[in-house]
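Note sheet for the following structure.
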Amino acid sequence: MNTDPREAEQYDFVDIQQRWLPVWDELAPFRSGDPTDSRPKKYVIDMFPYPSGDLHMGHAEAYAIGDVIARYWVLKGFNVMHPIGWDAFGLPAENAAIKNNLDPGTWTYENIAQQKASMRNFACSFDWDRVLNTCDPSYYRWNQWFFLQMFKRGLAYRKFSAVNWCPNCQTVLANEQVVAGECERCDTVVTKKKLAQWYLRITEYADRLLEDMQELEGKWPEKVLLMQRNWIGRSQGAHVDFVIEGREEPVTVYTTRPDTLFGATFFVVAVDSDLAAELAAGTQAQPEFEKYLEKVKATSEMDRLDSSREKTGVFLERYAINPVNGEKIPIYAADYVLADYGTGAIMAVPAHDQRDLDFARTFDLPVNVVVESETDPRETGIATADNGVLINSGPLDGLTKVEAIPRMIEILTERGTGEVATNYRLRDWLISRQRYWGTPIPIIHCPTCGEVPVPEDQLPVELPSTEGMDLSPQGVSPLATATDWVNVACPQCGGAALRDTDTMDTFVDSSWYFLRYTDPNNSEAPFAPEKVKEWLPADQYVGGVTHAILHLLYSRFWVKVAFDMGLVDFVEPFTRLLNQGMVLKDGSAMSKSRGNLVRLSDELGENGVDAIRLSMVFAGPPEDDIDWAEVSPAGSRKFLARAWRLAGDVTSAPGVDPTTGDLGMRKATHKTIADVEQSIESMRFNVVVARIMELVNVTRKAIDSGCGPADPAVREAAESIAIMLSVVAPYTAEDMWNKLGHQPSVARAAWPVLDPALLVQDSVICVVQVAGKVKDRLEVSPDIDPAELEKLAMASEVVLAALEGKGVRTVIVRAPKLVNVVPQ
RNA sequence: GUCCCCGUAGUCCAACCGGUAGAGACACCCGGCUUAAACCCGGCACAGUGUGGGUUCGAAUCCCACCGGGGACACCA
């Protein structure tokens, strides 16, 4: 007989993983499609991955966190839908296909297969029967269907205008996909190009996107709500019409400060607007204007956005008439006014707008103060914007700014030269892309009938084969070269017509996939409304903050459209949102070029799936970044081994009555259950792990030097540990459950039932303070009478010594935890 | 420049309504096991909460200012 612990059975994560994975495949404990299932429902959803290669550390963190939530609700008796799929259209597939001369589909499906295998091994509690791939025609046909519904409702339209163009990706981009003047994907500086493109009218939903955020308050990260508010950028103000000398039609400007109209001393139009070109035409200023326009066009968007830049502009030799005082003010073309915000023209009030003041000082233009303030912008060079009293403003004199704004709007409205106006920063969503690997836009261009929708019974419009097609980006979609595919008969007149050759932005795919999961194989409709009604809105959405605006704004928009179509009965798709942090190494994001890449497969091989999952969850609060240099997966593995050994040490039989067990051990177990529940529900998963570790330590001591391995309370502790641990470390937990004599799967066990009686303490430690400093501790009954407690405290020798004979001014008693004696 | 969040042991992090600053871990150190080491087991220690004020019987927690870090917005009229 060998009692050497080194010879004892060892925790072998490879063996455990290999043993349980096939069993789980067989049992499929996370299937959620049974119509007879009467358990209450929960929908937990992780943002689906893009299949760009195998899973990486970031995926591991996100899916480990989502899994804690999903598995917890399963154990708590809910019918949990926890689906997964692939965001499978997009440029990386196309670029890889060009590079390696293969089909984007082949590349994509291979990666999906690899990721799927990795996820299975990572023990994610996904319902594998609901998998969807957005590049399947059975999925994207419904993109096309939605597009056509929006087209019918006037929510999808085509227009010719200046758009963002990524010269590297050779395609247009939506505003949301241009970050600081660069392409969101490839960081190339974005340029402008005039093209006819398809748009979705998200601006029509701007107010609802803002107002419905109230529902999300406190349930979504404040940061995301703020970013969306900023992005939508609603502002209140007025439209004011200015007569232009020598022009028939007046020009309207948008201003948030109509009260300062008397202080307008010049007028500015965006240099790159049609209006500027028109006003400059035929004037002496035209050559100089054109030179300036060329210069501005050559300036990158990035530099143009730099507000610290010196103001530039050209006087157009023309004048506008201030509608309230008839004053003639000069018109300038400048690049600090944006062509696509407001009306592309502004009234400049240098005294009360910093940009206008900067411009006025550069061009030596007059500055008229119309709102009183302690400082004078003409001297300080700083425009004032506070709520002062109006001066030099005729009928507004004496009013404060907040009073003057509505008054001025009234005056303008009466005179028919202006009106109240709301403006938004949000623009319509540009969805056409000049690339192959996406959803074809289901429109046929007919020389006689115009834009004709593809009849719904002809959907999907499938992508043509890449056979013989040159996918390399040339600024027009590769689909244009598929002659057989492009040339069709017009569905309306039967004449020769052409298919639209652009494909949709991949953010279309992800704008409604969470609805499709409820009914992934429906071939009659995108989903059955009653199934969506059963599961949505989703109880919990988990994903990175990178989508704070893009995907999350588009999805909210899409759902509101679906609501208006009568397809869904809610307006916000995700009740709660959790943004997990990123996985870093040595303080920065991991990347090959930085040489700080940590490979998930290496980590999994070294310490096992459970240890990696545990490390991800234990490293800190889920929304914090994890620096992999600061975590110890080996430490996680050691803890799992410790926990696992407990199961092997239990000697009582399964089903033994825990109430006959050691009371101290039982109290520790039930305290842990209570704490773990509370911590999971408030998303403090790191604390969950800490609490379980604590219970493992206590149980170890009970076995070695306490009530012993045969005590029923020890079994209760070990079983509770196995169940609670299963949300983080399912393999280890499953093996413990098995060693404890139970049938698989631990995922089907019930969450341990808390006995509140065991949370009651026989005695508590009462702290006795003198002048707020702890002097003594008393062991008292939790329901001690305050008066009695005070007597006890006052009798304490330490307290009396601390008082040093000084009198007592007052005594604060917070029975049973605290007494504070305040001396004179 | 404006707004928001965060500063707690060497490190990562706990601490419900203001009420004993420490749950858990990493690293270190010490001890046990070992021929030795690793593994394993046990243990000790380390901060008074960025700084300075204020409110309070009592402040990590509330308020103000500053410092440091992170984030959002930033010619949006």
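Every chain is numbered from 1 and lettered A, B, ... according to where its sequence line falls, protein lines coming before strand lines. Just so we're clear, the structure is a prediction, and the values are computed from it rather than from any experiment.
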Taking [atom1] from [X] and [atom2] from [N], how many angstroms apart are they, rounded to a whole number?
{"X": "A/Glu222", "N": "B/rA72", "atom1": "CD", "atom2": "P", "result": "15 Å"}
{"X": "A/Asn686", "N": "B/rA14", "atom1": "CG", "atom2": "P", "result": "5 Å"}
{"X": "A/Ile680", "N": "B/rC16", "atom1": "CD1", "atom2": "P", "result": "19 Å"}
{"X": "A/Leu584", "N": "B/rU11", "atom1": "CG", "atom2": "C1'", "result": "15 Å"}
{"X": "A/Arg809", "N": "B/rG58", "atom1": "CZ", "atom2": "P", "result": "8 Å"}
{"X": "A/Lys817", "N": "B/rA15", "atom1": "NZ", "atom2": "C1'", "result": "11 Å"}
{"X": "A/Lys773", "N": "B/rG19", "atom1": "NZ", "atom2": "P", "result": "15 Å"}
{"X": "A/Asp335", "N": "B/rA77", "atom1": "CG", "atom2": "P", "result": "17 Å"}

Between the side chains of [X] and [Y], does any donor sit under 3.5 Å from an acceptor?
{"X": "A/Asp428", "Y": "A/Thr203", "result": "yes"}
{"X": "A/Thr252", "Y": "A/His239", "result": "no"}
{"X": "A/Asn697", "Y": "A/Arg642", "result": "yes"}
{"X": "A/Tyr292", "Y": "A/Thr312", "result": "yes"}
{"X": "A/Asn607", "Y": "A/Glu603", "result": "no"}
{"X": "A/Tyr336", "Y": "A/Asp358", "result": "no"}

Within the structure shown, what part of the strands sits under 4.0 Å from [X] by heavy-atom distance: base, sugar-phosphate, or nothing?
{"X": "A/Arg229", "answer": "nothing"}
{"X": "A/Gln354", "answer": "nothing"}
{"X": "A/Ser632", "answer": "sugar-phosphate"}
{"X": "A/Lys638", "answer": "sugar-phosphate"}
{"X": "A/Val767", "answer": "base"}
{"X": "A/Phe618", "answer": "base"}

Strand partner of [N], provided both Watson-Crick or wobble distances fall under 3.5 Å:
{"N": "B/rU35", "value": "none"}
{"N": "B/rC12", "value": "B/rG24"}
{"N": "B/rA65", "value": "B/rU51"}
{"N": "B/rA59", "value": "none"}
{"N": "B/rG1", "value": "B/rC73"}
{"N": "B/rC46", "value": "none"}

If I pick the [atom1] atom on [M] and the same atom on [N], what distance separates them, to the nearest angstrom?
{"N": "B/rG7", "M": "B/rG50", "atom1": "C1'", "value": "6 Å"}
{"N": "B/rU8", "M": "B/rU51", "atom1": "C1'", "value": "15 Å"}
{"N": "B/rC26", "M": "B/rC16", "atom1": "P", "value": "24 Å"}
{"N": "B/rC5", "M": "B/rG42", "atom1": "C1'", "value": "42 Å"}
{"N": "B/rC62", "M": "B/rG71", "atom1": "C1'", "value": "24 Å"}
{"N": "B/rC73", "M": "B/rA9", "atom1": "C1'", "value": "37 Å"}
{"N": "B/rG18", "M": "B/rA60", "atom1": "P", "value": "13 Å"}
{"N": "B/rC13", "M": "B/rU49", "atom1": "C1'", "value": "13 Å"}

(message) Pick the closest RNA chain B nucleotide for A/Asn230 and for A/Ser235 by heavy atoms, then say which residue is nearer the 5' end.
(response) A/Asn230
(request) Could you check A/Ala345 against A/Glu694 and say which one's nearest nucleotide on RNA chain B is further toward the 5' end? (result) A/Glu694
Which nucleotide in the set [options] lies at the smallest distance from any side-chain heavy atom of [X]?
{"X": "A/Asn697", "options": "B/rA77, B/rG19, B/rG24", "value": "B/rG24"}
{"X": "A/Thr255", "options": "B/rA77, B/rC75, B/rA74", "value": "B/rA77"}
{"X": "A/Val774", "options": "B/rA21, B/rG19, B/rG24", "value": "B/rA21"}
{"X": "A/Pro621", "options": "B/rC13, B/rA25, B/rA77", "value": "B/rC13"}
{"X": "A/Asn820", "options": "B/rC57, B/rA77, B/rA23", "value": "B/rC57"}
{"X": "A/Tyr336", "options": "B/rA25, B/rA14, B/rC75", "value": "B/rC75"}
{"X": "A/Lys223", "options": "B/rA77, B/rG71, B/rG42", "value": "B/rG71"}
{"X": "A/Tyr341", "options": "B/rA77, B/rA74, B/rC40", "value": "B/rA77"}
{"X": "A/Met227", "options": "B/rG24, B/rA77, B/rA72", "value": "B/rA72"}
{"X": "A/Leu818", "options": "B/rG19, B/rC75, B/rA14", "value": "B/rG19"}

(message) Syn or anti for B/rG48? Use the chi torsion, O4'-C1'-N9-C4 for purines and O4'-C1'-N1-C2 for pyrimidines, with syn inside 90° of 0.
(response) syn
(message) Checking understanding here: a glycosidic angle within 90° of 0 is syn, the rest anti, so what is B/rC41?
(response) anti
If the cut-off is 4.0 Å, is [X] near the phosphate of [N], judged by side-chain N/O to OP1 or OP2?
{"X": "A/Arg645", "N": "B/rC41", "result": "yes"}
{"X": "A/Arg642", "N": "B/rC39", "result": "no"}
{"X": "A/Arg684", "N": "B/rA15", "result": "yes"}
{"X": "A/Lys701", "N": "B/rG43", "result": "yes"}
{"X": "A/Ser636", "N": "B/rA25", "result": "no"}

(message) I need the minimum non-hydrogen distance between A/Ala717 and A/Thr699, along with the two atoms involved.
(response) CB-OG1, 3.7 Å
(message) Tell me whether the NZ or CZ atom of A/Lys311 lies within the 45° cone about the ring axis of A/Phe359 and under 6.0 Å from its centre.
(response) no
(request) For A/Arg257 and A/Thr255, run side chain to side chain donor-acceptor pair (under 3.5 Å): C-alpha distance rounded to whole Å, both residues' side-chain angles, the deciding distance at 0.1 Å, then the answer. (result) CA-CA 5 Å; A/Arg257 293 294 305 278; A/Thr255 177; over 6 Å; no
(request) Please report the C-alpha distance between A/Asp783 and A/Ser781 in whole Å, then the side-chain angles of each, then the deciding distance to 0.1 Å, and finally whether the side chain to side chain donor-acceptor pair (under 3.5 Å) criterion is met. (result) CA-CA 5 Å; A/Asp783 46 6; A/Ser781 151; 2.4 Å; yes
